[in-house]
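Contents: one structure, followed by commentary.
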Amino acid sequence: MAGLSVVVMAAGKGTRMRSARPKVLHTLAGRPLLQHVLDAAVPLRAERTVVVTGHGADAVERSATAAGVSFARQEPQLGTGHAVAQAAPLLAADGTTLVLNGDVPMIATGTLRALVDESVAAGSLALLTVEVADAHGYGRIVRDPDGAVAAIVEEKDASDAERALREIYTGVLAAPTAKLKGWLAALRSDNAAGEYYLTDVVRLAVAEGIVVTGVAAGDETEVLGVNSAAQLADLERRFQRRAAGRLMEGGVRLAHPARLDVRGELACGSDVEIDVGCVFEGRVTLGDGVRVGGYCMLRDVTVGAGTEIKPYTHVDGGGSTGTGASIGERASVGPFARLRAGARLGADVHIGNFVEVKNSTLGRGAKANHLAYLGDSTVGERVNFGAGSITANYDGAAKHRTVIGDDASIGSNCVLVAPIEVGAGATIGGGSTISRPAPAGQLTVARARQATIAGWKRPTKPVKSDER
Ligand code: UD1
Ligand code: MG
């Protein structure tokens with residue numbers, strides 16, 4: 001939007017959180033509160049976005065990602081009015097400024113747009129307000145008998161009659177930038193908290209004869225602030241309920257909508273079923289007909305159509321630094337399987353209990369059904385990798401690859417010492433430690449030959465006197 005500046009206040013300590021972490025870095029659905037606010041503002045295409053930082057400024061500034069964002073330091077933190085005043089020199093001389101609270105994370109872009117439009121149309125200060133059942137802790141909107149906004153009164157400064165008011169200030173306002181700068185310069189800290197309240201700009205505007213407008217927020221959830229661990233947990237549940245609702249609208253069958261956590265982007269095809277207790281992080285894509293069993297944790301993975309992820313499976317494609325993970329169509333993974341970054345399973349692959357796969361490609365129909373480790377390996381089609389067998393990929397200094405050809409069969413309890421190659425159709429006898437190439441199509445065994453010692457006697461215990 002031409003001439004739009006956005007200021008996000010994020011300098012406060014968040015005393016009521018009782019945490020060493022700056023409040024705006026606490027996460028909602030896996031993302032810092034501040035990032036939710038910045039992301040909501042991105043579509044407005046503001047000319048400038050200024051984040052006011054102070055408490056834990058270095059960490060807050062490192063975490064905030066938005067195009068063209070700049071920072072204004074507030075030291076010490078003397079209140080929300082003082083916070084916006086620190087950003088004022090970075091704002092354009094004219095145009096409109098939208099002020100956002102860094103601790104109101106579920107704010108919707110459409111609401112912000114409506115508020116800015118209202119401020120621009122009226123050439124005046126516009127406040128985002130909402131009616132709540134429990135207004136405790138919020139600034140109350142005080143209106144004249146004719147309904148015009150007269151002031152915002154903070155909880156600490158409110159009379160009993162004002163405390164009874166249910167319409168509250170959400171922490172979001174829009175105002176003509178030039179006028180806002182003037183009001184900020186005139187703020188004083190003679191209140192119960194001894195702070196410069198941003199909310200006092202309302203009184204200053206009214207004193208100038210400006211009509212302050214209130215724009216009603218879409219709903220209460222959108223504008224709830226996070227000031228305590230309990231409020232954060234409440235908001236997380238509301239966020240997740242919405243995420244579950246959107247999935248079900250798309251036809252996803254959730255065993256229990258309240259027992260699901262999406263901390264990222266979950267995209268689902270048709271006829272996807274998700275059992276209770278599953279957590280999805282990063283970018284997860286589930287193809288048509290995928291079934292996810294109870295208590296699975298999936299992060300940064302793409303799952304092909306018709307695949308079943310059995311209970312208690314942990315898949316972690318590695319986040320932003322990882323290479324992701326992918327599972328082909330009609331595969332079966334778990335229960336109790338672990339797939340890590342770079343796990344690439346082809347169609348019809350079976351990975352069973354207590355099998356770990358890292359940075360390995362498994363061809364169509366390959367199976368590792370029990371107690372195995374595949375690391376840095378390339379496994380051909382239809383290979384059977386026996387129970388208890390592992391690729392020894394690490395020599396103490398570097399990682400090496402294992403290559404297994406199509407249709408090879410690795411017996412149980414084998415160690416494939418990388419770098420190593422097993423030819424197509426080769427069979428490795430159970431219990432073998434393979435450190436030289438195993439030729440295609442043949443049986444290779446590398447273990448001590450079985451022997452029976454004739455006449456051998458097991459030692460006997462001396463008989464004690466009292467047992468005689
Ligand atoms: C504020 C409003 C209140 C409103 C509520 C909505 C004021 C005086 N009060 O109260 O009317 O109902 O939000 O959630 O504005 N911050 C700074 N520097 C400071 C103080 C705070 O950057 O010196 C930041 C905080 O990091 C936070 C935001 O401003 O992101 C709001 O501060 P907070 O202390 O939570 O204000 P509330 O008491 O919630
Ligand atoms: Mg707050």
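One-based numbering, in listed order, for ligands and for the atoms of each. Atom set for the values below is all heavy atoms of this structure, side chains included, hydrogens, waters and symmetry mates excluded.
- Polar contact check, Thr80 against ligand 1: a nitrogen or oxygen pair lies under 3.5 Å apart.
- Residue-level check: among N/O/S atoms of Asp103, OD2 sits closest to the Mg ion (ligand 2).
- Considering both main-chain and side-chain atoms, Gly137 never comes within under 3.5 Å of ligand 1 through any nitrogen or oxygen pair.
- Of the candidates Ile141, Val130, Asn101, Asn101 brings a heavy atom nearest to atom 28 (C) of ligand 1.
- Atoms of ligand 1 lying under 4.0 Å from at least one heavy atom of Thr170, given by number and element, are 6 (C), 14 (O).
- When the shell of 6.0 Å around CZ of Phe239 is examined, it contains more than 12 heavy atoms from other residues, nucleotides or ligands.
- For ligand 1, the atoms closer than 4.0 angstrom to any heavy atom of Lys23 are 35 (O).
- Residues Asp261 and Arg237 are paired through a salt bridge, judged by an N-O separation under 4.0 Å between the basic side chain and the carboxylate.
- The pair Glu222-Arg242 does not count as a salt bridge, with every side-chain nitrogen at least 4.0 angstrom from each carboxylate oxygen.
- Between Val104 and ligand 1, no pair of N/O atoms sits closer than 3.5 Å.
- Between Asp157 and Arg203 there is no salt bridge, since none of the side-chain N atoms of the basic residue sits less than 4.0 Å from a carboxylate O of the acidic one.
- Below 3.5 Å of separation, one finds an N or O of Gly79 facing an N or O of ligand 1.
- For atom 36 (O) of ligand 1, the protein comes within 4.0 Å by no heavy atom at all.
- Checked by distance only, ligand 1 and Ile168 stay at 3.5 Å or farther apart across all their nitrogen or oxygen atoms.
- Set against the non-hydrogen atoms of Gly102, the atoms of ligand 1 under 4.0 Å away are 30 (O).
- Checking Ser63 against Gln35 by side-chain atom types alone, no donor-acceptor pair falls below 3.5 Å.
- Atoms of ligand 1 found under 4.0 Å from any heavy atom of Gln74, numbered from 1 in the order shown, are 17 (C), 18 (N), 19 (C), 22 (O), 23 (O).
- A salt bridge does not link Asp376 to Lys399: none of the charged nitrogens lies less than 4.0 Å from a carboxylate oxygen.
- Those atoms of ligand 1 that come under 4.0 Å of a heavy atom in Gly139, given as number and element, are 3 (C), 4 (C), 11 (O), 12 (O).
- Pro43 is listed as a side-chain neighbour of Arg113, based on a closest heavy-atom distance under 4.5 Å.
- Side chains of Met1 and Val120 form no contact here, defined as non-hydrogen atoms less than 4.5 Å apart.
- Every N/O-N/O distance between Tyr197 and ligand 1 stays at or above 3.5 Å.
- Each of the atoms 22 (O), 26 (O) of ligand 1 lies under 4.0 Å from some heavy atom of Ala10.
- Within ligand 1, the atoms closer than 4.0 Å to a non-hydrogen atom of Ala83 are 17 (C), 18 (N), 22 (O), numbered from 1 in the order shown.
- At least one N/O/S atom of Asn227, from backbone or side chain, sits under 2.8 Å from the Mg ion (ligand 2).
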